[in-house]
Amino acid sequence: MQTSESTTIGNGFRTHTLSACEAMDRDDPLRALREEFRIPEGCIYLDGNSLGPLSRRAHERVRRTLEEEWAVGLIRSWNTSDWIGLPERLGARIARLIGAAPEEVTVADSTSVNLFNLAAACLRMAAPRRKIVTEQGNFPTDLYVLDGLSKLLPGVELRTAPREHVLEELDDDTALLVLTHVHYKSAEMYDMDEVTARARQVGARMLWDLSHSVGAVPLSLARAQVDLAVGCTYKYLNGGPGAPAFVYIRGDLQERLRPAISGWMGHAAPFELSDSYRPAQGVRRHRIGTPGILGMAALEGSLEVFDGVDLRLLREKSVALTTLFIELIEQECKGLGLELATPRDAAHRGSHVSYRHESGYEVMQELIERGVIGDFRAPDLLRFGFAPLYTRYVDVWNAVAILREILTTGSWQRMRARPRQAVT
Ligand SMILES: *Cc1c(COP(=O)(O)O)cnc(C)c1O
């Protein structure tokens with residue numbers, strides 16, 4: 001692994017240096033990909049796990065959609081530019097990134113809406129089983145959507161349990177286990193194969209939320225025999241703010257799963273304009289309304305960046321970046337009030353790292369002011385994302401140097417006087 005290139009002192013204690021970080025950047029097989037992105041000068045962007053940056057390809061693809069397809073093609077572009085086929089075209093590209101077959105994925109709506117739609121459809125299929133199981137502290141929308149669903153459907157019960165006990169909730173009344181593969185706060189990562197197998201053992205369906213995994217962690221939904229999945233495209237996939245989300249349904253389940261929200265775009269023949277609903281074949285039936293083409297165009301451009309990228313190299317670099325960050329914080333910020341909130345073992349974490357700090361909000365505001373963009377997650381977490389497509393090892397070095405300075409000088413304290421931002 002690339003971190004081994006750092007200077008090793010005689011007793012085995014490793015000291016990282018700026019020149020070792022520069023050498024790692026020179027040797028990085030993915031280094032050319034940074035050129036694909038427009039990252040502002042002087043900005044160290046460590047929030048690609050929340051909103052990926054603009055790529056040149058996404059910019060060009062949106063420009064073409066506006067200037068040629070919309071301005072000139074007008075409504076003809078649904079056919080001539082195949083706007084109508086865009087959701088499944090994007091789905092096929094995402095399928096490679098999650099280890100699924102191209103016809104098992106489509107793109108639509110938001111992760112929240114897709115989660116509702118799939119979970120509700122699954123509950124109908126799984127009757128008389130009535131229980132949904134999920135993790136306490138799962139991403140809020142997952143908890144809220146499942147709670148709302150359980151209150152909407154008679155007899156359905158939602159059980160939440162702490163991470164270490166969640167699998168104990170599985171029983172022969174469980175319809176569905178819903179988990180987020182990489183936790184949005186801690187970055188702790190489940191063993192997808194093992195957990196999916198546990199759900200299967202009791203006859204429950206497995207629904208993974210892949211929002212913090214896709215584009216950073218290689219996945220094989222096929223190998224794990226996952227039933228259902230949803231995920232975001234505006235994080236590591238760089239699809240743009242509020243970009244449409246994806247839906248995965250394993251091939252053999254597609255004909256059995258009737259969408260909860262049966263919209264006209266999921267109809268077998270939308271332009272027959274029939275009074276009665278007849279679901280389309282395959283995953284396409286989980287479309288609801290008219291796809292937002294501008295958002296999809298941005299996503300199409302951003303997915304081109306992944307073409308030909310070896311996902312194992314991506315993961316290797318992600319692990320090297322997060323490992324370097326954790327080791328550098330240990331080296332440079334000892335005794336400065338930071339407490340690691342992410343697994344130290346790289347095999348059990350995704351591509352971000354979180355630290356607790358009692359004034360985490362103000363520290364992050366000061367970091368942002370100084371050009372190091374991460375984010376804050378209540379009540380006390382500083383969160384730093386290390387997207388391997390464009391983050392350099394020197395970025396990690398510089399970010400830690402600035403963090404050290406902020407903590408030693410206490411310059412973050414001036415942020416107490418500022419009103420809290422709406423989005424943290
Ligand atoms: C970011 C994220 C979401 C976001 O859902 P939206 O509907 O796009 O707002 C959902 N689930 C997880 C686990 C996330 O990390």
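As the structure lists them, so they are numbered: ligands from 1, and atoms in each ligand from 1. What you are looking at is a predicted structure, and each value in this text was computed from that prediction instead of being measured.
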Kindly compute the distance separating [atom1] ([X]) from [atom2] ([Y]), expressed to the nearest 0.5 Å.
X      : Y      : atom1 : atom2 : value
Tyr236 : Leu210 : OH    : CG    : 13.0 Å
Glu169 : Leu158 : CD    : CG    : 10.0 Å
Leu115 : Asp109 : CG    : CG    : 12.5 Å

Evaluate whether atom OH of Tyr277 has more than 12 neighbouring non-hydrogen atoms of other residues, nucleotides or ligands under 6.0 angstrom away.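 Yes, OH of Tyr277 has more than 12 neighbouring heavy atoms, counting only those of other groups under 6.0 Å.
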
Looking only at protein heavy atoms, which one is nearest to [atom], and what is the separation?
atom                    : value
atom 9 (O) of ligand 1  : Tyr234 OH, 3.5 Å
atom 7 (O) of ligand 1  : Ser112 OG, 2.6 Å
atom 3 (C) of ligand 1  : Phe139 CE2, 3.5 Å
atom 1 (C) of ligand 1  : Lys235 NZ, 1.4 Å
atom 5 (O) of ligand 1  : Thr111 CB, 3.5 Å
atom 11 (N) of ligand 1 : Asp209 OD2, 2.7 Å

Phe271 ring center within less than 6.0 Å of Trp264 ring center: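 Yes: the rings meet the under 6.0 Å criterion.
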
For ligand 1, does Ser211 get within less than 4.0 Å through its side chain, its backbone, both, or neither, judged by non-hydrogen atoms?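 Only the side chain of Ser211 comes within reach of ligand 1.
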
Parallel, tilted or perpendicular, judged at 30° and 60°: which one describes the rings of Tyr184 and Phe139?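 Tyr184 and Phe139: perpendicular rings.
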
Within the 3.5 Å criterion, strictly below it, is a donor on [X] or [Y] matched to an acceptor on the partner's side chain?
X      : Y      : result
Glu327 : His16  : yes
Thr196 : Arg200 : no
Arg349 : Thr323 : yes

For [X], counting its heavy atoms only, list the atoms of ligand 1 lying under 4.0 Å from any of them.
X      : result
His212 : 15 (O)
Ser110 : 7 (O)
Thr180 : 13 (C)

Is ligand 1 less than 4.0 angstrom away from at least one heavy atom of Cys232?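 Cys232: in contact with ligand 1 (<4.0 Å).
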
Is there a polar contact, in the sense of an N or O pair closer than 3.5 Å, between Thr141 and ligand 1?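 N/O-N/O distance below 3.5 Å does not exist for this pair.
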
If you measure every N/O of Asp142 against every N/O of ligand 1, is any gap under 3.5 Å?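 The answer is yes, given that Asp142 and ligand 1 share an N or O pair closer than 3.5 Å.
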
